[in-house]
Amino acid sequence: MRNEGGATATSESRLARRRRLLGPNVPTFYDAPVHIVRGRGEWLWDRDGRRYLDCYNNVPHVGHCHPKVVEAIAKQAALLNTHTRYLHDGILDYVERLTELFEDPLSCAVLVCSGSEANDVALRMARAVTGKTGIIATDDTYHGNTELVSQLGSRVPPVGGYAPFVRRIPAPEGFRAGEADRFASSIRSAIGSLEADGHGVSALIVCPFFANEGFPAVDRGFLDAAARIVRDSGGLVIADEVQPGFGRLGSHFWGHARLGFRPDIATLGKPMANGHPVAAVVTDAGVMDAFRQRYRYFNTFGGNPVSVAAASATLDVIEEEGLVARAAETGAYALERLRDLSDRYPMLSGVRGSGLFFGADVTGPGGAPDRARASGLPDAMRRAGVLLNITGRHRNVLKIRPPMSIGRQGIDLLADTLDRVLAGAQ
């Protein structure tokens, strides 16, 4: 059986082995899965030596296998790795540095291993503070896969149906007048329903870029009324920064700053340590104290010395290489290239984004979402050597989210390849 995973194994036998060992329905992104064996910067190589431009993975935030992050992991792993029941300065130095990137009074953090855990802890924090259980999220979101957080998603409804303390409101669609007012009205209705059923509202949790909802174009101030309504009802506002955080949006270090509001709790994940499994929940001292009093929470691997070394090195690279400013500049150039394609190909519309998180709608006649046409583009691009994917309520939004190391040459390759693919899809 070992030979099945060796160099001579066929793709079919490897997939069969994967299904046998990992179970069915484990996604591989593409119809013909890519067998990646090496990465560097914005590039990935498969087992046959073919190179791909990575325009999708935000986990290697500062570039695949960045030497500074690799060195920090190796150096700390050779010295010490243990949990936070022992004292070590690394976690304190990192949390101090991290929270300086947030507005007052967000000044303390819990370190965990994944965005799912971070969001689960954030929801528990809100319940500890408010004494209420109700949670509000959008109806086309994704915040992770713990038992509690999975109640918020829409792609795979939970076994037994949604919990009675959850209200899912329509996600913003952008490009429409009065969208913020509609969103705030939905919040108000959800709170009324939760209060009528005896749950009350503990938290509104949103990605401030509405990434999985197709990142609709919403303006600064969009969440102001919604946040005010939640807080007036005694609830907290949680910003899920797993996708838009750490400068990806170019204009600001955090998605909530781009929209101009301050959350009560912020959650961080994937890009935090350039692929090393570490995540965080950032909040103020009052919320943290309530959480620590109500929950005896401990995470064996959260905040271990190797993880915080990787996270600290990632911040070093962001600062030293000026990646936030580069994201703004490169992202603006990417939008120019995409808008040029949109002018020439009617099937590509609604080009939008911020920094190195951008994309466009794939539409059919009359501008209707064209899921079938959109679903074929990632595989066509993969065959041409560029990796991207789709998202959104109708699964028709090109989602382009490359490592922050990408430059104009990479954007040109992306746009030129998409040009050829779109020409062939006409």
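Positions are given from 1, in the same order as the sequence printed here.
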For residues 347-356, which residue pairs pass the salt bridge (charged side-chain N to carboxylate O under 4.0 Å, His left out) check, not counting sequence neighbours?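 Found Arg352-Asp361.
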Residue pairs, two or more places apart or on separate chains, that pass salt bridge (charged side-chain N to carboxylate O under 4.0 Å, His left out) and touch residues 286-311: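 Listed by first then second residue: nothing to list.
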Looking only at heavy atoms, which two atoms of [X] and [Y] are closest? And how far apart?
{"X": "Arg168", "Y": "Gly153", "answer": "NE-O, 4.0 Å"}
{"X": "Ala273", "Y": "Ala311", "answer": "CB-N, 3.6 Å"}
{"X": "His256", "Y": "Pro263", "answer": "CD2-CD, 3.3 Å"}
{"X": "Ser233", "Y": "Glu195", "answer": "CB-OE2, 4.1 Å"}
{"X": "Ala380", "Y": "Val421", "answer": "CB-CG1, 3.6 Å"}
{"X": "Ala279", "Y": "Gly115", "answer": "CB-N, 3.8 Å"}

Could you check whether any side-chain N or O of [X] sits under 3.5 Å from a backbone N or O of [Y], counting only pairs where one atom can act as donor and the other as acceptor?
{"X": "Thr417", "Y": "Leu413", "result": "yes"}
{"X": "Ser150", "Y": "Glu147", "result": "yes"}
{"X": "Tyr162", "Y": "Gln151", "result": "no"}
{"X": "Asp219", "Y": "Phe222", "result": "no"}
{"X": "Arg50", "Y": "Leu44", "result": "no"}
{"X": "Arg248", "Y": "Leu356", "result": "yes"}
{"X": "Thr283", "Y": "Asp264", "result": "yes"}
{"X": "Ser342", "Y": "Leu348", "result": "yes"}
{"X": "Asp120", "Y": "Thr146", "result": "no"}

Report the C-alpha separation of Met381 and Leu387 in whole Å, then their side-chain angles, then the decisive distance to 0.1 Å, and conclude whether the side-chain contact (heavy atoms from CB on, under 4.5 Å) test is met. CA-CA 6 Å; Met381 292 292 287; Leu387 304 180; over 6 Å; no
How about [X] and [Y]: does a side-chain donor come under 3.5 Å of a side-chain acceptor?
{"X": "Tyr30", "Y": "Asn389", "answer": "no"}
{"X": "Thr133", "Y": "Arg127", "answer": "no"}
{"X": "Asp140", "Y": "Asn212", "answer": "no"}
{"X": "His64", "Y": "Glu42", "answer": "no"}
{"X": "Thr314", "Y": "Asn274", "answer": "no"}
{"X": "His276", "Y": "Ser307", "answer": "yes"}

Given the rule in the side-chain contact (heavy atoms from CB on, under 4.5 Å) test, do Ile135 and Arg167 qualify, once you have shown the distances and angles that lead to the verdict? CA-CA 6 Å; Ile135 302 168; Arg167 295 294 183 275; over 6 Å; no
Distance check, rounded to the nearest 0.5 Å: [X] atom [atom1] versus [Y] atom [atom2]?
{"X": "Ile238", "Y": "Asn119", "atom1": "CD1", "atom2": "CG", "result": "7.0 Å"}
{"X": "Glu336", "Y": "Ile411", "atom1": "CD", "atom2": "CD1", "result": "11.5 Å"}
{"X": "Ser13", "Y": "Arg18", "atom1": "OG", "atom2": "CZ", "result": "13.5 Å"}
{"X": "Ile229", "Y": "Ile187", "atom1": "CD1", "atom2": "CD1", "result": "7.0 Å"}
{"X": "Leu223", "Y": "Leu204", "atom1": "CG", "atom2": "CG", "result": "7.0 Å"}
{"X": "Leu268", "Y": "Leu101", "atom1": "CG", "atom2": "CG", "result": "10.0 Å"}

Within a strict 4.5 Å, meaning less than it, do heavy atoms of the [X] and [Y] side chains meet?
{"X": "His394", "Y": "Arg371", "answer": "no"}
{"X": "Glu213", "Y": "Asp139", "answer": "no"}
{"X": "Glu103", "Y": "Leu106", "answer": "yes"}
{"X": "Arg262", "Y": "Pro105", "answer": "yes"}
{"X": "Asp284", "Y": "Asp104", "answer": "no"}
{"X": "Val362", "Y": "Leu377", "answer": "yes"}
{"X": "Leu236", "Y": "Ile265", "answer": "yes"}
{"X": "Leu152", "Y": "Leu123", "answer": "yes"}

Using the ring of each side chain (for Trp, its six-membered ring), is Phe209 parallel, tilted or perpendicular to Phe215, with breaks at 30° and 60°?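 Because their plane-to-plane angle is under 30°, the rings of Phe209 and Phe215 count as parallel.
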May I ask you to decide if the ring planes of Phe291 and Tyr297 are parallel, tilted or perpendicular, using 30° and 60° as cut-offs?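 Plane angle between 30° and 60°, so tilted.
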Answer yes or no: is there an ion pair linking [X] with [Y], defined by an N-O contact shorter than 4.0 Å?
{"X": "Asp416", "Y": "Arg337", "result": "yes"}
{"X": "Asp232", "Y": "Arg228", "result": "no"}
{"X": "Arg344", "Y": "Asp340", "result": "yes"}
{"X": "Glu179", "Y": "Arg182", "result": "yes"}
{"X": "Asp46", "Y": "Arg51", "result": "no"}

Do other residues, nucleotides or ligands put more than 12 heavy atoms under 6.0 Å from Phe301 CZ?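 12 or below, so no.
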Asp48, CG atom: more than 12 neighbouring heavy atoms under 6.0 Å: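 Atom CG in Asp48 is crowded, with more than 12 foreign heavy atoms closer than 6.0 Å.
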Passes side chain to side chain donor-acceptor pair (under 3.5 Å), Ser312 versus Arg97? Steps please. CA-CA 8 Å; Ser312 185; Arg97 184 179 180 188; 3.0 Å; yes
Checking ring pair (Phe, Tyr, Trp, His ring centres under 6.0 Å) for the pair Phe253/Phe102: CA distance, chi angles, key distance, verdict? CA-CA 9 Å; Phe253 208 81; Phe102 285 85; 8.3 Å; no
I'd like to know whether Thr267 forms a side-chain contact (heavy atoms from CB on, under 4.5 Å) with Ile205, so could you lay out the CA-CA distance, the side-chain angles of the two residues, the decisive distance to 0.1 Å, and finally the verdict. CA-CA 10 Å; Thr267 57; Ile205 180 169; 5.5 Å; no
Walk me through whether Arg401 and Gln243 qualify under side chain to side chain donor-acceptor pair (under 3.5 Å). CA-CA 9 Å; Arg401 190 187 51 179; Gln243 294 194 67; 2.6 Å; yes
Decide yes or no on side chain to side chain donor-acceptor pair (under 3.5 Å) for Asn145 and Ser116, but give the supporting numbers first. CA-CA 6 Å; Asn145 51 30; Ser116 294; 3.2 Å; yes
Full working for side-chain contact (heavy atoms from CB on, under 4.5 Å) between Arg14 and Arg47: CA-CA 13 Å; Arg14 187 172 289 106; Arg47 64 188 301 270; 3.8 Å; yes
Given the ring of Tyr52, does Arg382 sit roughly above its face, with NZ or CZ under 6.0 Å from the centre of the six-membered ring and within 45° of the axis?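 No, a cation-pi geometry is absent between Arg382 and Tyr52.
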